Amino acid sequence: MSASLRTLLDHDRARLRALTPLDDETLDRPLSWVHSSDLLDPTPWLEPGNLLLTDGAPFSGTDAADPRAYAERLRDAGVAGLGFATDVIHAEVPPEVVEACAAAGVPLIEVGRRAPFIGIIRFVADLIAADRAARFTWLLDAQRAVARAAVRDDGLREILRTLARLLDTWVALYDGAGARIPLEGIPSAPPVEEQRVAGEMRRLLERATAASVQLPAPGGAVLQTIGRSAGLRGVLAVGARAAFDPAEKDLVATVVALASIALDQQRHVQTSLRTVRSGVLELLVDGHADAAGRLAETVFGALPAGPTTVVALAAGAAEPGLLDELDVIMTDPRQLFFAERGGDVVLLAVDGDDVISSLVARRRLAAGSAIHLDGDDLATTLRRADLAAREAPPGTVRAYADIAGSGLVGALRERGGDLIAASLLRPLEAVAPGERRRLLDSARAWLDANGAWDPAARGLGIHRHTLKARIAQLEQVLGLDLSTFSARAELWAALQLTG
């Protein structure tokens with residue numbers, strides 16, 4: 001039970017009575033201490049949250065304090081209330097004092113029947129001491145819970161999950177590049193608050209030094225950098241509906257320290273594991289699936305099995321913080337496996353399309369995907385994913401199936417084949433428009449007839465010798481030998497690409 005005006009008013013032995021209206025917020029505001037003074041201006045010796053006790057001496061005699069100015073000074077000092085003793089100097093609290101306190105918003109409490117101030121002070125002091133002891137006990141229990149979480153398999157995630165549970169709030173973790181790391185099973189910041197938190201997080205990282213910041217409530221948060229100033233590993237943000245008390249601040253500091261240690265340890269371990277992952281991937285690409293499976297089972301526990309999606313993240317190895325984020329995301333190697341390869345990052349995923357798409361969109365990566373079935377050659381599947389990644393706009397995952405579905409001509413068109421086709425046909429621009437149209441129509445009919453003269457000529461309504469003459473003229477203008485299949489295929493593709 002914390003010390004507040006409510007606990008004091010409920011304490012029968014204190015003999016207190018409220019003389020001004022008090023709402024729940026005022027009644028439950030914690031009292032930091034109780035101080036007694038009869039000075040005309042006691043505010044230099046007061047702190048916010050103090051309850052001031054007086055026997056009324058400032059309001060008696062020829063040099064009596066002005067009640068309104070007195071009350072306003074208490075309000076400006078953040079005093080939690082004024083306790084006015086009656087039956088000492090004043091039989092009752094002067095009406096002008098009541099009016100002044102009500103106008104200034106200073107809670108006014110009558111201390112009746114000569115109730116000793118020392119009793120009130122001792123009562124509040126005992127409550128404050130008990131509350132501090134309770135918070136200290138809570139902190140010890142909380143730190144034990146966090147320490148137990150730190151030694152679990154996924155220590156970092158368990159630490160943050162424990163913190164969110166103990167504070168009944170949301171927790172967000174950002175890597176050193178400012179990207180938010182998904183934390184499955186941990187409440188995330190409401191969208192209305194996340195934008196403000198993200199902006200403050202970026203400012204902390206830009207300062208490149210260990211620091212913390214408190215965003216004011218309601219909807220506030222505490223942000224704390226993780227790691228040393230020489231190498232920040234990220235930022236931890238914790239929701240704070242109200243300002244944290246000392247025990248809660250100490251718990252957050254403990255979590256930040258453990259998170260720093262966990263991230264540093266993970267960095268050294270994961271650097272070694274990433275080398276092993278790359279080796280496993282190369283074994284798979286080279287066709288040594290059995291050896292790769294045994295190695296992966298020994299080190300990671302397993303590999304994704306059955307139909308998987310191969311995702312290539314172009315230049316992903318150079319993306320700041322990406323590998324660290326994947327280390328956090330990859331909680332089940334049977335569902336998701338990743339490795340570096342030639343500057344790219346390759347993912348093998350059984351599920352998790354939404355997670356991968358979100359990651360790619362947030363980091364503005366170019367990614368390609370291809371379906372890999374049992375018995376398929378992984379090297380071929382990976383080439384397909386690489387091809388799709390080269391065609392993907394930043395922030396998107398391009399599926400190889402979409403590229404293959406458009407056919408060879410479609411693939412050529414997407415890669416600028418129409419420009420090459422236009423260059424091939426450019427010599428025809430020297431021919432008169434009518435003659436150029438006849439030559440192109442004749443070429444299309446002849447190629448559609450598989451180079452057979454008679455069917456193509458009948459379709460055009462001309463003699464086959466006329467058709468032969470036109471094709472010969474086309475050969476001369478374009479510099480092609482259309483007696484070869486390769487030249488015919490090139491001309492056919494050019495006609496398709498130019499429409």
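None of these values were measured; they are calculated from a predicted model.
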Below 30° counts as parallel, above 60° as perpendicular, anything between as tilted: where do the rings of F337 and F300 land?
perpendicular
One should read off an interatomic distance between L156 CG and L173 CG, to the nearest 0.5 angstrom, of 6.0 Å
Rounded to the nearest 0.5 angstrom, the CG-CD distance for L428 and Q473 is 9.0 Å
Verify, without hydrogens or angle tests, whether [X] (side chain) and [Y] (backbone) share a donor-acceptor contact under 3.5 angstrom.
| X | Y | answer |
| --- | --- | --- |
| W446 | G451 | yes |
| D168 | R165 | no |
| T396 | P393 | yes |
| E475 | L482 | yes |
| S423 | L419 | yes |
| T484 | D481 | yes |

Result for salt bridge (Lys or Arg N to Asp or Glu O under 4.0 Å) between R135 and one of D245, D250, D141 points to D245
Side chains of [Y] and [X]: any donor to acceptor distance under 3.5 Å?
| X | Y | result |
| --- | --- | --- |
| T26 | D23 | yes |
| Q143 | T254 | yes |
| S32 | N50 | yes |

May I ask you to decide whether [X] forms a salt bridge with [Y], counting only side-chain N to carboxylate O separations under 4.0 Å?
| X | Y | value |
| --- | --- | --- |
| R436 | E429 | no |
| E282 | R341 | yes |
| R196 | E193 | no |
| E158 | R161 | yes |
| R438 | D441 | no |
| R277 | E340 | no |

**Q.** Residues L326, L347; criterion side-chain contact (heavy atoms from CB on, under 4.5 Å); working and verdict
**A.** CA-CA 10 Å; L326 287 172; L347 287 76; 4.2 Å; yes
**Request:** Decide if atom CZ of R334 counts as having more than 12 heavy atoms of other residues, nucleotides or ligands within a radius under 6.0 Å.
**Result:** no
| message | Run the side-chain contact (heavy atoms from CB on, under 4.5 Å) test on L313 and D344 for me, step by step, so that the C-alpha distance in whole Å, both residues' side-chain angles and the decisive distance to 0.1 Å come before the verdict. | response | CA-CA 6 Å; L313 305 179; D344 297 339; over 6 Å; no
Shortest non-hydrogen contact between [X] and [Y], atoms and distance:
| X | Y | answer |
| --- | --- | --- |
| V280 | L295 | CG2-CD2, 3.6 Å |
| N450 | R488 | O-NH1, 4.3 Å |
| V477 | P427 | O-CB, 3.4 Å |

Worksheet item: Where do R6 and D24 land on the side-chain contact (heavy atoms from CB on, under 4.5 Å) test, with the steps shown first?
Response: CA-CA 9 Å; R6 188 187 299 276; D24 288 338; 3.1 Å; yes
